[in-house]
Amino acid sequence: MEKKLLNQSALRPLQLVLFVFSISTIWNIIHWYIFYNQYETLSTLIAVAIFDWLFWIIALPFVIWITKKRPPVKLNSLLFIHFPINIIATVITIFSSEVMRLFLESHRPVPFIDSFESRLIAEGSWYVLFYWFVVGAYFTVDFHAAYNRKKQESLEFQLENAQLTKRLIESRLSMLRAQLQPHFLFNSLNSISSLMDISIARARNVLIQLANLLREALDISDKDTHTLREECEWHERYLSLESIRLVNQLEWACDLAEDTYCASVPCLILQPLIENAFKHARKRKGEPLSIQIEARKSGNQLVIKLSDNGVGFPKDKQNYHEGRGLKYVHEICKIHFGDEASVQYSNNPSGGTIVTMMLPYLIEKSHEET
């Protein structure tokens with residue numbers, strides 16, 4: 001890309017100057033031949049017009065090269081390099097043109113020196129301006145090429161930064177999931193261990209269900225998001241597994257609005273909250289643990305509520321510090337949705353806790369067409 005831009009930077013000033021040369025040559029032909037009938041034949045006129053610019057055609061690469069190497073931005077370069085070259089180039093151009101006219105014109109009413117001096121006075125300023133036009137054209141195109149290079153470098157940097165950010169996010173997600181999965185597995189193994197003393201058959205049944213659940217969890221771990229329906233179905237199977245251990249001590253319900261089934265949510269986002277319910281809510285004795293999951297669409301947001309009937313949060317919230325579960329949920333929501341997501345928690349007036357997640361309402365990619 002950079003090499004291509006450099007080639008364009010070198011060619012565009014030449015193209016621009018050659019365009020001006022062509023326009024000037026055509027104008028000279030029209031001016032001399034039609035209005036003044038200065039030359040006997042059109043071919044002679046064309047030859048004179050071309051040779052007037054022959055030196056500039058040859059000198060153009062040198063002018064561009066010297067402008068690139070010694071740009072006239074400093075006084076020394078301007079006074080001792082470009083001004084002398086400009087004057088010398090103007091004199092040589094007019095002199096070579098006069099020499100060529102000497103051979104092409106059949107008669108010259110004005111002597112060579114007088115014609116040269118008069119043209120130097122009349123046309124010298126035009127050639128001086130043309131030199132600076134070439135310099136300006138180079139600077140304009142070079143600036144444009146430099147701007148394109150900077151723009152390309154900026155785009156490449158942004159792309160590289162986005163890819164790096166994505167890799168960091170994926171690494172962070174993997175680390176958080178690695179922290180979550182052993183926690184979930186240890187809880188399940190503890191459940192199986194406690195069942196071994198009660199019923200080996202029930203423990204075996206729980207172990208089989210756990211193996212199936214872990215297999216599904218491994219499949220889920222390859223994805224960042226899935227539908228809310230898939231999220232709730234997985235947790236219903238997990239709660240069913242736990243209910244084998246907690247006979248008559250666990251109740252749950254999932255109440256999802258139909259338009260939230262295909263909503264996109266981070267995989268296993270509810271798991272830490274359900275684990276918290278098992279850990280804290282069961283401190284309340286005398287009644288089964290009840291877990292309620294609700295989801296509604298509110299404008300452009302997906303509102304998910306998970307409530308339990310446990311002991312609730314401490315009344316003194318200033319001294320309350322979020323545990324691992326809530327921190328995990330906050331972190332995952334921030335990684336996936338940034339400031340568009342929020343997680344709030346409060347005590348349930350009827351007892352227990354309510355955790356509310358407000359996420360952007362997005363349709364899972366695999367269900368967009370349906």
Side-chain angles (χ1 to χ4, degrees), residues 7-146:
N7 290 337
Q8 291 176 348
S9 175
L11 287 175
R12 284 176 181 173
L14 290 174
Q15 294 170 351
L16 184 61
V17 172
L18 289 176
F19 170 76
V20 174
F21 157 73
S22 301
I23 297 298
S24 180
T25 300
I26 294 172
W27 166 249
N28 286 340
I29 292 172
I30 295 173
H31 179 74
W32 292 337
Y33 188 76
I34 296 179
F35 291 99
Y36 295 99
N37 196 21
Q38 189 170 348
Y39 293 94
E40 296 176 355
T41 63
L42 183 61
S43 59
T44 302
L45 176 57
I46 293 173
V48 170
I50 291 175
F51 277 110
D52 273 358
W53 291 91
L54 180 62
F55 175 78
W56 277 111
I57 296 175
I58 298 172
L60 269 179
F62 172 76
V63 173
I64 292 174
W65 177 82
I66 198 66
T67 302
K68 182 179 179 180
K69 294 294 182 182
R70 295 287 188 273
V73 293
K74 295 182 179 180
L75 186 61
N76 289 341
S77 176
L78 185 66
L79 292 177
F80 300 108
I81 296 179
H82 287 277
F83 273 147
I85 291 176
N86 191 351
I87 299 302
I88 292 171
T90 299
V91 172
I92 293 177
T93 299
I94 296 176
F95 181 82
S96 60
S97 173
E98 278 298 305
V99 171
M100 188 55 58
R101 291 185 184 189
L102 188 65
F103 289 99
L104 293 176
E105 294 176 358
S106 57
H107 62 281
R108 290 180 61 85
V110 181
F112 177 86
I113 296 298
D114 294 341
S115 177
F116 171 72
E117 289 179 352
S118 62
R119 285 190 62 197
L120 192 62
I121 295 171
E123 302 176 18
S125 59
W126 163 246
Y127 289 110
V128 169
L129 289 175
F130 183 77
Y131 176 89
W132 292 110
F133 173 78
V134 173
V135 173
Y138 172 79
F139 271 113
T140 300
V141 177
D142 185 63
F143 174 80
H144 181 68

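The first residue in the sequence is number 1, and the count goes up from there.
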Exercise for review: Could you go through the side chain to side chain contact (heavy atoms under 4.5 Å, CB included) check for His82 and Ile66 one step at a time?
Suggested key: CA-CA 8 Å; His82 287 277; Ile66 198 66; 4.2 Å; yes

Exercise for review: Show your reasoning for whether side chain to side chain contact (heavy atoms under 4.5 Å, CB included) applies to Ile87 and Tyr131.
Suggested key: CA-CA 9 Å; Ile87 299 302; Tyr131 176 89; over 6 Å; no

**Study point:** Verdict with reasoning, Trp132 to Val135, per side chain to side chain contact (heavy atoms under 4.5 Å, CB included)
**Key:** CA-CA 5 Å; Trp132 292 110; Val135 173; 4.2 Å; yes

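Put simply, CH2 on Trp65 and OG1 on Thr67 are 10.5 Å apart, with the number rounded to the nearest 0.5 Å. Atom-to-atom distance recorded for Phe130:CZ and Ser125:OG is 14.0 Å, nearest 0.5 angstrom. The line from CD1 of Ile81 to CG of Leu78 is 9.5 Å long, rounded to the nearest 0.5 Å. In this structure, Ile85 CD1 and Arg70 CZ are separated by 10.5 Å, a value rounded to the nearest 0.5 Å. Note that CZ of Phe83 and CD1 of Ile88 are 13.5 Å apart. Values are rounded to the nearest 0.5 Å. Atom OG1 of Thr140 and atom CZ of Phe143 lie 9.5 Å apart (nearest 0.5 Å).
At distances below 3.5 Å, not a single donor-acceptor pair connects side-chain atoms of Ser115 with backbone N or O atoms of Phe112.
Annotation: Tyr127 is not in aromatic contact with Phe133 [ring centroid separation under 6.0 Å not met].
Shortest non-hydrogen contact noted between Ser77 and Pro71 is OG-O, 3.2 Å.
Within 6.0 Å of CZ on Phe95 lie no more than 12 heavy atoms contributed by other residues, nucleotides or ligands.
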